Structure formats: structure tokens, C-alpha cells
Amino acid sequence: MLFEKTYGIDLGSSSVKVYSMIRNKSYIEKNMIAAKGRKIIAVGNEAYEMFEKAPSDISVSSPMAFGMIANLELQEIVLYSMMRKIDKILGIGSVMYFAVPLDMTAIEKRAYYQVANGHWLRKNRVYMVEAPIADAIAMGVDLENNAGSMVVNIGAQSTNFSIITGGRIIISKKIPIGGRQMNEAVCSEVRKRYNLQIGTRTGKRLKLVMGRLADQHKQARKVVGIDSVSGLPREEIISAYVVNAGIMNCVNEIGAQMKVFLERIPPQISYHIAKEGIYLTGGSTRIPHIDTYLAGYTGYSFNLSELYETSAVKGLEAVIHNKDLRKWAQPIKQRKL
């Protein structure tokens with residue numbers, strides 16, 4: 001079609017990433033929505049600015065949970081709002097490639113179809129690419145001649161381990177640990193050590209600024225929180241040691257689960273993974289030296305992607321432009337259940 005538009009879409013628990021073929025550009029915005037009752041107050045980055053600041057009668061949340069669509073109606077609103085910012089006039093009958101989780105049920109596949117063909121977006125053709133495959137394409141993994149590669153994505157709410165060989169995923173595992181759990185762990189450590197309650201947004205800033213898993217420096221930051229005893233606001237200087245203690249609780253659990261996962265792999269595939277190195281991506285890999293720390297924990301070398309949370313949408317971009325890669329895109333059709 002002459003005016004057909006093509007998009008690559010990654011619906012993440014933390015942020016939505018959209019690649020527009022006609023503009024040849026990727027866009028990223030927070031996957032959050034603020035509502036007062038059934039009235040939508042703010043969407044995307046504007047909603048995130050209200051997170052942990054809004055009054056009790058306004059709820060601010062993400063329509064995604066652990067990489068899956070939790071609220072279909074709200075997710076459609078977030079996607080539609082973002083796409084209107086990209087293209088003021090949305091054409092009917094666009095092509096949408098979604099990066100999707102593994103092993104989805106028929107109902108979960110239908111949810112992705114409904115997001116692209118609901119109240120505001122209509123008559124769109126929908127294709128799905130498994131997220132680990134999209135990550136692997138973005139990181140330059142040769143899917144055609146592949147004797148064994150491991151892709152690890154540490155996302156906002158979960159971490160995924162996947163083994164790819166012969167162009168398909170043979171083993172995969174998801175654990176409910178990600179960046180959000182790290183933020184909460186930092187908040188928990190601060191509350192335990194200083195009797196100070198801070199929000200997860202503050203915990204995230206501390207994680208990214210002072211989180212160092214290998215070469216820990218003596219750093220400190222001043223933050224404002226609520227005193228756990230008096231209930232009054234107060235300032236406190238937080239040391240990097242406390243921040244790293246919280247992060248390590250989560251990263252150690254990821255490392256332990258990864259070691260167990262690697263033990264399930266056939267020796268011949270494990271050999272190729274050890275030779276090639278484990279591919280590491282996801283937004284939470286922004287923590288400095290996380291690849292070095294996990295390498296010391298597991299005994300395997302790591303290839304850290306510089307794309308971080310945008311690796312899946314970059315993989316979709318490659319699929320859109322390369323016809324040879326479209327074999328890994330499967331159509332999603334509406335079915336009566």
C-alpha cells in the first residue's frame with residue numbers, strides 16, 4: 001500500500017519503545033498512566049512525573065506487569081497517545097511488529113492484537129517477534145549458523161534467560177527480579193540503616209549514580225525522606241556502601257539463578273556459550289560493572305550491549321528493513337476464543 005506505515009513496538013514494564021519506518025527513528029516514553037477514577041489525567045512521561053507525588057485519589061501505574069499486558073484498555077491508551085505524538089495522522093491498516101514474551105497463551109496473543117486493533121487503532125496487521133530473538137538480532141548474533149548462544153535481559157520487573165541454537169529458542173526461564181526490585185531493595189536498605197523512608201524514584205537515582213558492583217568508591221549523596229519514627233521530613237547523607245548492599249541482594253539472586261540455569265544446558269551448547277560469551281542487555285544493565293560482577297559469579301564471560309533497554313526495538317528495526325529476518329516474525333490474527 002502506498003501510504004502504509006510500519007512500526008516496531010516494544011511494550012516494556014517501564015517504558016514503551018516505538019520505531020517508525022517512515023521517520024526512520026525510534027521513540028521512547030514511560031509506560032505509565034495517571035487516572036482519577038475512570039478519568040485519565042496524564043499519560044507517558046507526564047504520568048511518570050506524578051509517580052509517588054500524586055494525591056491518594058489519583059492512581060499512577062503501568063499497564064504492564066512482569067513483561068505481560070496487565071490492563072488491556074490502559075495499554076492501548078498509552079500506545080495510542082505515544083503514536084499520535086510520532087504521527088499526527090495515523091493511517092488505517094498499518095503494519096506493527098511487536099517484541100513479545102516467550103510461550104504466550106492464545107489469550108495473551110489476543111491481547112497484543114487487541115492493543116493494535118481496539119478503540120483507537122484499527123485495521124492493523126500485527127506480527128510478533130520473540131523478545132530474545134529481537135535482542136539477539138540487535139546484538140549481532142548469527143541466528144542462521146548458531147551452535148549455541150545465551151541472551152540475558154535484565155528488565156524493569158523481570159530477568160529472562162534464553163538459549164538460542166539453530167535459529168530458535170530451546171530453553172528459557174523468567175525470574176521476577178529486575179530494576180524495580182533493585183530500587184525497592186535500595187529503599188529497604190536505607191530504611192533499615194537510617195530509619196528513613198524514600199521513594200523508589202529516589203532509590204533508582206541512587207542506584208544509577210552510586211551503584212558500583214566491582215570498583216566501589218567511597219561516595220555519598222544527600223537525600224530527603226520521611227523519618228520512620230517521627231514521620232517528619234529530614235535530610236540524610238546516604239553512603240554508596242548502603243546502596244550497593246541493596247543492589248547486590250538482587251544481582252546475587254540473578255547470578256545464582258543463572259548458574260542453576262546454565263547447569264541444565266547440554267555440554268556441547270555450554271561449550272559454545274563459554275567460547276562466545278553470554279549476551280547481556282536490558283535497562284538494568286546500566287549499573288556500572290554488572291557484567292564483570294556476573295562474570296565473577298558465574299565463571300562465564302559477558303558481552304554487554306550498549307543498547308540497554310532499546311535492544312529489542314533495534315532488533316525489530318532490523319527485521320522491518322531486512323526481508324531475510326522476517327522469517328522470525330509470526331502473524332497474530334484475531335480468533336474467537
Side-chain angles (χ1 to χ4, degrees), residues 1 3-12 16-28 64 67-69 72 75-76 79 82-83 86-87 90-118 121-146 149 151 153 155 160 162-172 174 279 281-282 305 307 309-335:
M1 293 177 63
F3 297 105
E4 184 177 77
K5 296 181 180 179
T6 304
Y7 303 93
I9 303 168
D10 178 20
L11 301 177
V16 178
K17 284 78 67 177
V18 177
Y19 169 75
S20 172
M21 182 179 179
I22 196 169
R23 295 181 180 274
N24 195 27
K25 184 178 178 181
S26 293
Y27 302 82
I28 183 169
M64 297 285 287
M68 304 297 293
I69 299 174
L72 183 60
Q75 186 59 76
E76 184 186 354
L79 180 60
M82 184 173 181
M83 294 187 71
I86 298 170
D87 292 309
L90 292 176
I92 297 176
S94 299
V95 181
M96 297 184 177
Y97 290 83
F98 283 89
V100 301
L102 297 170
D103 303 325
M104 290 198 303
T105 65
I107 293 175
E108 289 164 345
K109 290 180 181 179
R110 184 184 181 188
Y112 278 87
Y113 183 89
Q114 287 297 119
V115 164
N117 293 278
L121 301 170
R122 295 178 178 274
K123 297 182 180 180
N124 297 306
R125 285 184 287 156
V126 183
Y127 295 86
M128 64 177 185
V129 179
E130 293 175 326
I133 294 292
D135 287 332
I137 291 172
M139 290 186 283
V141 177
D142 185 358
L143 296 177
E144 291 284 2
N145 305 300
N146 191 288
S149 297
V151 176
N153 188 308
N160 292 274
S162 303
I163 303 297
I164 301 173
T165 182
R168 61 190 183 91
I169 300 168
I170 59 169
I171 309 173
S172 66
K174 178 190 287 187
Y279 292 90
T281 187
S305 171
L307 296 171
E309 69 269 29
T310 62
S311 62
V313 77
K314 285 294 182 182
L316 294 177
E317 178 182 340
V319 170
I320 290 170
H321 286 283
N322 190 336
K323 292 182 179 180
D324 294 335
L325 295 176
R326 291 181 194 170
K327 65 177 74 174
W328 283 282
Q330 302 174 4
I332 305 178
K333 297 180 180 180
Q334 176 71 301
R335 292 184 176 92

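Predicted, not measured: the structure shown is a model, and the values here were computed from it.
Side-chain contact of S172 with S162: a donor-acceptor pair under 3.5 Å is absent, judged by distance alone. A donor-acceptor pair shorter than 3.5 Å can be found between the side chains of D135 and N153. Side-chain contact annotation: N24 with Y19, donor-acceptor N/O pair under 3.5 Å present.
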Report task. Just do the side chain to side chain contact (heavy atoms under 4.5 Å, CB included) check on S26 and E317 with the steps written out, would you? Result -> CA-CA 9 Å; S26 293; E317 178 182 340; 4.0 Å; yes
Report task. Dump the intermediate steps for side chain to side chain contact (heavy atoms under 4.5 Å, CB included) on I169 and I133, then the final yes or no. Result -> CA-CA 8 Å; I169 300 168; I133 294 292; 4.0 Å; yes
Report task. Could you walk me through whether I137 and V319 pass the side chain to side chain contact (heavy atoms under 4.5 Å, CB included) test, one step at a time? Result -> CA-CA 8 Å; I137 291 172; V319 170; 3.8 Å; yes
Report task. In sequence, state the C-alpha distance, the side-chain angles, and the governing distance for H321 and M21, and then conclude on side chain to side chain contact (heavy atoms under 4.5 Å, CB included). Result -> CA-CA 8 Å; H321 286 283; M21 182 179 179; 4.3 Å; yes
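Of the possible donor and acceptor atoms, none in the side chain of R125 sits under 3.5 Å from a partner among the backbone N and O of S94. A donor-acceptor distance shorter than 3.5 angstrom exists from the side chain of N146 to the backbone of D142, with no hydrogens or angles considered. Distance alone, capped at 3.5 Å, is enough to place a donor-acceptor pair between the W328 side chain and the G167 backbone. Although no hydrogens or angles enter the test, the distance criterion places a donor-acceptor pair under 3.5 Å between the side chain of N117 and the main chain of N124.
For the pair P132 and I164, the tightest heavy-atom approach, listed with the atom from each and the gap, is O-CD1, 4.0 Å. Of all heavy-atom pairs spanning K17 and G12, the tightest one is NZ-CA, 4.1 Å. Of all heavy-atom pairs spanning V115 and E76, the tightest one is O-CG, 3.6 Å. Closest approach of I320 and G8 over heavy atoms only: CD1-N, 3.6 Å. Nearest heavy atom pair, residue L72 against residue A111, reads CD1-O, 3.2 Å. A318 and L325 make their closest contact through O-CD1, 3.7 Å (heavy atoms, listed as atom of the first residue, atom of the second, distance).
Ring planes of Y97 and Y127: parallel class, angle under 30° (limits at 30 and 60°).
V129 has its side chain within reach of L316: a pair of non-hydrogen atoms, C-beta onward, lies under 4.5 Å apart. For the pair M139 and S305, the minimum side-chain heavy-atom distance is below 4.5 Å. A heavy-atom distance below 4.5 Å is found between the side chains of Q75 and V16. No side-chain heavy atom of I69 sits under 4.5 Å from any side-chain heavy atom of E108. Inter-residue side-chain proximity for L79 and Y7 is flagged as unmet; no heavy-atom pair is nearer than 4.5 Å. The shortest distance between side-chain heavy atoms of M64 and M68 does not fall below 4.5 Å. Side-chain contact between R168 and L143: absent, with no pair of heavy atoms (C-beta onward) separated by less than 4.5 Å. Counting heavy atoms from C-beta outward, V126 and P331 have side chains that stay 4.5 Å or more apart.
Taken to the nearest 0.5 Å, the CD atom of Q330 stands 4.0 Å off from the CE atom of M128. Taking CD from E309 and NZ from K314, the interatomic distance works out to 11.5 Å, rounded to the nearest 0.5 Å. Atom CD1 of I107 is separated from atom OH of Y112 by 14.5 Å, given to the nearest 0.5 angstrom. Summarising the geometry, atom NZ belonging to K5 is positioned 4.0 Å from atom CG belonging to D87; distances are rounded to the nearest 0.5 Å. With rounding to the nearest 0.5 Å, the separation of CZ in F98 from CD1 in I9 is 4.0 Å. The CG atom of N160 sits 5.5 Å away from the NZ atom of K174 when rounded to the nearest 0.5 Å.
Within 6.0 Å of CZ in R326 there are more than 12 heavy atoms belonging to other residues, nucleotides or ligands.
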